[in-house]
Amino acid sequence: MTSLPSGSDTGAASAAFERLHPRIQRWVWEQQWTELRDIQERAAEPVLAGDRDVVISAATASGKTEAAFLSICSVLLRDREAREHTLGPGDRTGVLPAGGVQVLYVSPLKALINDQFGRLDAMCEALDIPVHRWHGDVAGSRKSKVVREPDGILLITPESLEALLITHGTHVSRIFAGLRYVVIDELHAFLGSERGAQLQSLLNRVELAVRRRVPRIGLSATLGDMAAAAEHLRPGGGHQVTILVSTDGSQELRLQLRGYEKTDPSLAKPHGEATDADGETVPADDADTPTDAVTIADDLFALLRGTDNLVFANSRRQVEEYTDLLARRCAAARVPNEFVPHHGSLSKDLREDAEARLKDRSVPVTAICTSTLELGIDIGSVTSIAQVGAPHTVASLRQRLGRSGRRGDPAILRLFISEESVSPQTAPPDALRAQLVQSIAMVELLLQRWNEAPDSGGLHLSTLIQQLLSLIAQHGGVTPREAYTTLCSHGPFSGVSTDMFAALLRALAGEPGKYNDMLMQASDGLLLLGTAGERLVGHYSFYAAFRSPQEYRLVAHGRQLGMLPIDYPVLIGSLIIFGGRRWKVVDVDDRAKLIELERSSGGKPPAFTGDGGAQVADRVRQEMLALYCRDEVPAYLDASAVRLLGQGRANFTAYGLADNRLLRLGSDTLLFGWMGDRIMGTLAVALTSAGGDVSNDGLCLTVAGMAPADVFEMLDELAAQGPPDPVGLAAIVPTKVAEKHDELLTEPLLNAGYASRSLDVLGAWKLIDDLLATQVLRD
DNA sequence: GACCTGCTGCGGAATG
């Protein structure tokens, strides 16, 4: 670590500090910083060079923003001096024009723009560098001013940048003429998503408008896969990106995994009536609450009260449930309530109030939250993190952990994992204690510093439709060749061939019997918006690449049961759990968003079902298998977790799963693949295509009405046929409309998009080979 | 059977 001079004019300054502009040096000194942090020190050289892309990776609140902007502002100041002192009006060769936005900073959150505006504006005011905010809550008059007199640093969201390109298309090259840097904050939040593809495309379009490559600086949390982050920052050129990972903060981690088990609710003891801090009488009877939640709430109360903490629950419903249980405990103990909820359905006021209470360190407060508090909103660091229920991914567990541990203090993580009570009728996944074992597997992978790789290779056809229509609106019309070159020659849509692009154009123009009217072609060949296209682009909802959740209506025997969000394949014949009951899917109507169900017989439905939309990675399931096969017990388990792990391992042995992957259950067969959700989902589709009646619980597939020997034979036939064309296999999946503009795609394009996003045929066929090799047929 | 993110221009009313 290097020291800064104690005065503004002398001393053994660090090499990085020496290279900053004198006015920046003075600003640093005025902050009374005694030294530059490691990441700030190392970022100076590559950022000052101004000719390369850089990923700066460090923990939340480690000075990443300054690491980028100390150097960026130095360059802006030197630019200005070069223009003022060395150049007359007629001699500007080699220097960028004075006009225009010089730094484009893109953030995934409005709240983060507001935080960063406060910090940057304080620094830039002293330097006479203007800083502008541009997002949905900023007044239109301020945006007009940026368009009229663009300069300095512009803080913007991807959606607002989209709006800027569409609304001010003819001014884009002027607005960004002097662009020096693009900064992307929370880069990891864009990896593998529609929003990420949109941002990559927008930055392509900005570079095309100014006719040169602009250096990109990505700011990222310390997440495993830096090569993927670099490739996302500069698609096709990730290997040339400078990657800086902070070496600071190899912090002590204190870890505990606590096991819980549901018991008979009638045994629960009520807490009686209580009075809260305002003297109001509140109900304090937990009789309606599952017993494991009651015990977890008791423990959270005992462990967390009096300090600042974050409790991550896996759903909004659970956030509300635990906030309520904890508030009742505060009332019963006659102490002030210090537990507040935070999730996406709460009003902005309530969320900001919770954030303000977290920032205020004079009174302890614990927020019960969903992933809303995962990203870098400035709340400072908390004493400890609690995770209730199995984490969704290792990456998100790591990100959550990063919120704990003030400088020098240990980071504290406690996981609260509960399992069903087991009876002879219990479904195998519950008897295997799969929830607990998955949580241990994820903690083990966290300790190994492993992370899920972001999804890549998706075609993102929905986002390509958005970008195509946006490009036409920006320029008032483009030729098909220009459109293809601009959008698909490199960047997020480079996997789209000219043939596929042509098919997409035809689909948007409308084919006989399916008239979309999104675009049309003028007699000179120019692509123009059709009437439906004008309407779509003209509404503000067009600017976001992602859609608000698409829900299917569930109907059973003519009665509506509710709504189900679809982000995993629902196959006809599969079983789903809804409203505490087990149902069989008898029909799926993709266009009417309707799923028809009938009651299904069968045992108790398993509580563990693969955890929603997040894809459990192959490596996680492989680690689970390894945990079942080992004898060691991790030191961070409490006594109850040790007991549950022992039960899971005993049942694993009793099922014979060490040598078998097919397990007979009544007249059905369970197939344990020990691979991730993508491969298991692909295998489910393959078995369905071969005539099986398959449902996917994540951990295992259930093939209804077939004995293990018959399933073995089916697998053998699939292996003999060899891996099919993924696009052909996708054709049998009825629910493929997932992304925002997927409705506009023809069936072949939908199949191609689905196959690229959700199928891993080679992985599934390798699994089939492994299953056939491993299986010991016993009946 | 999860969570999260974002958004323009205009018209009219209220205020200075």
Side-chain angles (χ1 to χ4, degrees), chain A residues 106-113 134-141 143-144 156-168 185-186 188-190 193-196 198-199 312-319 342-346 348 351 369-377 387-393 395-396 399-400 429 435 466 470 473 537-549 551-552 554 562-570 574-583 585 595 605-616 677 681 695-699 735 740:
Chain A
V106 187
S107 158
L109 297 177
K110 290 188 288 189
L112 200 57
I113 286 181
W134 184 322
H135 59 62
D137 300 341
V138 172
S141 55
K143 297 173 188 169
S144 313
I156 198 166
T157 59
E159 289 73 19
S160 283
L161 183 54
E162 187 80 68
L164 191 160
L165 292 190
I166 290 173
T167 322
H168 306 284
D185 207 348
E186 305 275 4
H188 56 276
F190 291 110
S193 71
E194 293 160 274
R195 225 178 164 201
Q198 176 191 26
L199 179 56
F312 288 95
N314 282 341
S315 68
R316 285 174 285 208
R317 195 187 56 76
Q318 282 204 81
V319 166
H342 194 285
H343 60 70
S345 298
L346 289 175
K348 201 178 161 194
R351 287 167 64 170
C369 58
T370 57
S371 56
T372 42
L373 289 179
E374 221 174 83
L375 280 186
I377 301 171
Q387 166 71 43
V388 180
H392 293 124
T393 61
S396 107
Q399 179 83 357
R400 290 170 181 192
Q435 185 101 256
Q466 182 210 30
S470 169
V537 175
H539 193 265
Y540 63 83
S541 60
F542 177 72
Y543 304 131
F546 57 90
R547 75 150 122 222
S548 309
E551 295 183 317
Y552 275 60
L554 296 180
M563 306 293 284
L564 183 73
I566 298 292
D567 35 27
Y568 51 92
V570 172
S574 66
L575 301 173
I576 67 165
I577 303 153
F578 192 82
R581 294 203 163 125
R582 189 169 251 207
W583 306 88
V585 176
I595 294 177
F608 179 81
T609 52
D611 249 301
Q615 299 265 318
V616 174
D677 283 343
S695 62
N696 183 3
D697 287 334
L699 188 68
T735 51
K740 191 175 183 186

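For clarity, every value in this text was computed on a predicted model and none was experimentally measured. Naming: A, B, ... by sequence-line order, numbering from 1 per chain.
- In this structure, A/Ser541 reaches the bases: a heavy-atom distance under 4.0 Å links it to at least one base atom across the strands shown.
- The NZ atom of A/Lys110 sits 13 Å away from the C1' atom of B/dT8 (whole-angstrom rounding).
- In the model, A/Thr372 has a side-chain atom that pairs as donor or acceptor with a side-chain atom of A/His342 under 3.5 Å.
- A straight line from CD of A/Gln615 to P of B/dA2 spans 14 Å, rounded to a whole angstrom.
- Contact annotation: A/Arg351 side-chain N/O to B/dT5 OP1/OP2 distance is under 4.0 Å.
- Projected onto DNA chain B by closest heavy-atom contact, A/Arg400 and A/Ser160 fall at different nucleotides, the more 5' of which corresponds to A/Arg400.
- Rounded to the nearest 0.5 Å, atoms OG1 (A/Thr157) and CZ (A/Arg195) are 7.0 Å apart.
- Looking at the side chain of A/Thr370, the nearest of the listed nucleotides B/dC4, B/dG6, B/dT8 is B/dC4.
- A/Gln198 contributes atom CD, which lies 8.5 Å from atom CZ of A/Phe546 (distance to the nearest 0.5 angstrom).
- Evaluation of A/Phe542 against the base of B/dC7 yields no stacking contact (centre distance < 5.5 Å, interplanar angle < 30° required).
- Nucleic acid contact class of A/Phe546 (heavy atoms, under 4.0 Å, all strands): base.
- What separates CD of A/Gln399 from P of B/dC3 is a distance of 19 Å, to the nearest Å.
- Under the 3.5 Å distance criterion, the side-chain polar atoms of A/Gln466 are matched with a main-chain donor or acceptor of A/Phe542.
- The listed nucleotides are B/dA2, B/dT8, B/dG6; the one nearest the side chain of A/Ser315 is B/dA2.
- If you measure from atom OH of A/Tyr540 to atom C1' of B/dG9, you get 11 Å, rounded to the nearest angstrom.
- Straight-line distance from the NE2 atom of A/His342 to the P atom of B/dC3: 15 Å, rounded to whole Å.
- Atom pair A/His539:NE2 and B/dG9:P shows a separation of 13 Å (rounding to whole Å applied).
- The CD atom of A/Glu159 sits 13 Å away from the C1' atom of B/dT8 (whole-angstrom rounding).
- Distance CD (A/Gln387) to C1' (B/dC3): 11 Å, rounded to an integer number of Å.
- At B/dT5, none of the side-chain N or O atoms of A/Thr372 fall inside 4.0 Å of OP1 or OP2 (strictly under the cut-off).
- Of the candidate nucleotides B/dC7, B/dC3, B/dG9, B/dG9 has the atom lying nearest to any side-chain atom of A/Thr167.
- Of the possible donor and acceptor atoms, one in the side chain of A/Gln399 sits under 3.5 Å from a partner among the backbone N and O of A/Glu374.
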